[in-house]
Amino acid sequence: MGRGRVELKRIENKINRQVTFSKRRNGLLKKAYELSVLCDAEVALIIFSSRGKLYEFGSAGTTKTLERYQHCCYNAQDSSSALSETQSWYQEMSKLKAKFEALQRTQRHLLGEDLGPLSVKELQQLEKQLECSLSQARQRKTQLMMEQVEELRRKERQLGEINRQLKHKLDAEGSSSNSFRAMQQITWAAGTVVDEGAAAYHMQQHQQQPNHSAAMDCEPTLQIGYPHQFAAAEQAANNIPRSSAPGGENNFMLGWVLGAN
């Protein structure tokens with residue numbers, strides 16, 4: 001009579017569960033050993049009981065087998081991650097390429113090129129887009145012009161202020177210069193009055209002196225010495241106008257007359 005089929009579920013009886021664990025654990029360790037010997041395979045087996053006790057088997061050493069396992073798993077993960085990254089970059093490149101082609105096509109449409117394949121609806125959308133762009137460009141142009149006008153007005157106000165300051169400075173310098181000129185004119189006028197007073201005084205003194213030249217003209221001349229010496233002097237005296245001095249007379253007197261006096 002054969003063995004019946006065992007239902008695979010947790011054994012509720014603690015003792016039966018512990019007995020079954022010990023039997024099957026030993027059988028699993030035996031099978032692992034037989035597999036490693038019969039097939040020349042590197043086998044590692046790790047078992048933890050419900051109480052946390054460790055049971056292990058390694059044909060070439062459990063640690064060595066685990067390192068080999070980790071190395072193989074990491075290499076596989078690296079290769080798979082590299083492959084997935086390459087695919088991701090390829091998909092991104094495809095998207096960017098399609099977007100670039102769409103932008104180029106839109107640019108040609110905005111420039112009025114390749115409009116043949118477009119439908120009426122697409123042409124209407126293109127027209128609205130151009131009108132919107134034109135409106136924005138005009139608004140930006142108006143804004144820039146207003147900013148430039150405001151800047152020019154500000155510069156005009158600054159220049160006007162500088163002009164007023166220079167005008168005030170020139171007016172101040174002009175008033176000081178006029179004051180200096182007035183003082184000079186007053187000084188010159190005072191000097192002129194003094195000179196006129198001195199001239200009047202000298203004129204009065206000359207008028208009080210006796211007029212010797214008129215008396216000498218009436219008296220007969222007496223020439224002593226070489227005649228040619230006094231001829232030139234007498235001729236020069238006759239050429240002098242009588243009206244050069246006050247009263248129509250001059251102060252010129254001949255040398256021989258002064259000697260006679």
What distance separates L103 CG from R108 CZ, expressed to the nearest 0.5 Å?
11.0 Å
Please determine whether a side-chain nitrogen of the Lys or Arg among K64 and E42 lies less than 4.0 Å from a carboxylate oxygen of the Asp or Glu.
no
Does L130 share a hydrophobic cluster with L115, counting links as ILVMFWY side-chain heavy atoms below 4.5 Å and allowing steps through other members?
yes
Taking 4.0 angstrom as the limit, do E92 and K95 come out as a salt bridge?
no
Heavy atoms of other groups near L111 CG, more than 12 under 6.0 Å
yes
Hey, are the side chains of E161 and R157 touching, using non-hydrogen atoms and a 4.5 Å cut-off?
no
To the nearest 0.5 Å, what is the distance between CG (L118) and CZ (R105)?
9.5 Å
Indicate the atoms forming the closest heavy-atom contact of E12 with R17, along with that distance.
O-NH1, 3.5 Å
Can you hop from F57 to I47 via hydrophobic side chains spaced under 4.5 Å?
yes
Mind checking the CD-CG spacing from E173 to L166? Nearest 0.5 Å is all I need.
10.0 Å
Closest heavy-atom pair and its distance - L54, F48
CD1-CZ, 3.4 Å
Counting only heavy atoms not in D40 (residues, nucleotides, ligands), do more than 12 fall under 6.0 Å from its CG?
no
So for atom CE, which belongs to M93, do other residues, nucleotides or ligands contribute more than 12 heavy atoms lying within a distance under 6.0 Å?
yes
Once rounded to the nearest 0.5 Å, what's the spacing between atom CD of Q18 and atom CD1 of I11?
10.5 Å
OH of Y69: more than 12 outside heavy atoms within 6.0 angstrom?
no
Side chain proximity check, L144 to E147, heavy atoms < 4.5 angstrom
yes
Between the main-chain N or O of L159 and the side-chain N or O of N163, is there a donor-acceptor pair closer than 3.5 Å?
no
As an exercise, state the distance from CD of Q158 to NZ of K155, rounded to the nearest 0.5 Å.
8.5 Å
Which heavy-atom pair separates S59 from A41 by the least distance, and what is that distance?
OG-O, 3.5 Å
Lys/Arg N to Asp/Glu carboxylate O, R154 vs E156, below 4.0 Å
no
Side-chain heavy atoms nearer than 4.5 Å, only ILVMFWY residues, links allowed to pass through others: does that put V37 and L45 together?
yes
When you compare the side chain of F21 with that of S50, does any pair of heavy atoms fall below 4.5 Å?
no
Under 4.5 Å between side-chain heavy atoms, hopping through other hydrophobics if needed: is there a path connecting V43 to I46?
no
Mind checking the CD-SG spacing from Q129 to C132? Nearest 0.5 Å is all I need.
8.0 Å
Applying side-chain contact (heavy atoms from CB on, under 4.5 Å), can you list everything that pairs with K141, at least two apart in sequence or on another chain?
M145
Side-chain contact, heavy-atom cut-off 4.5 Å: R25 with L29?
yes
Using a 4.5 Å cut-off on heavy atoms from C-beta on, say whether the side chain of K97 contacts that of E101.
yes
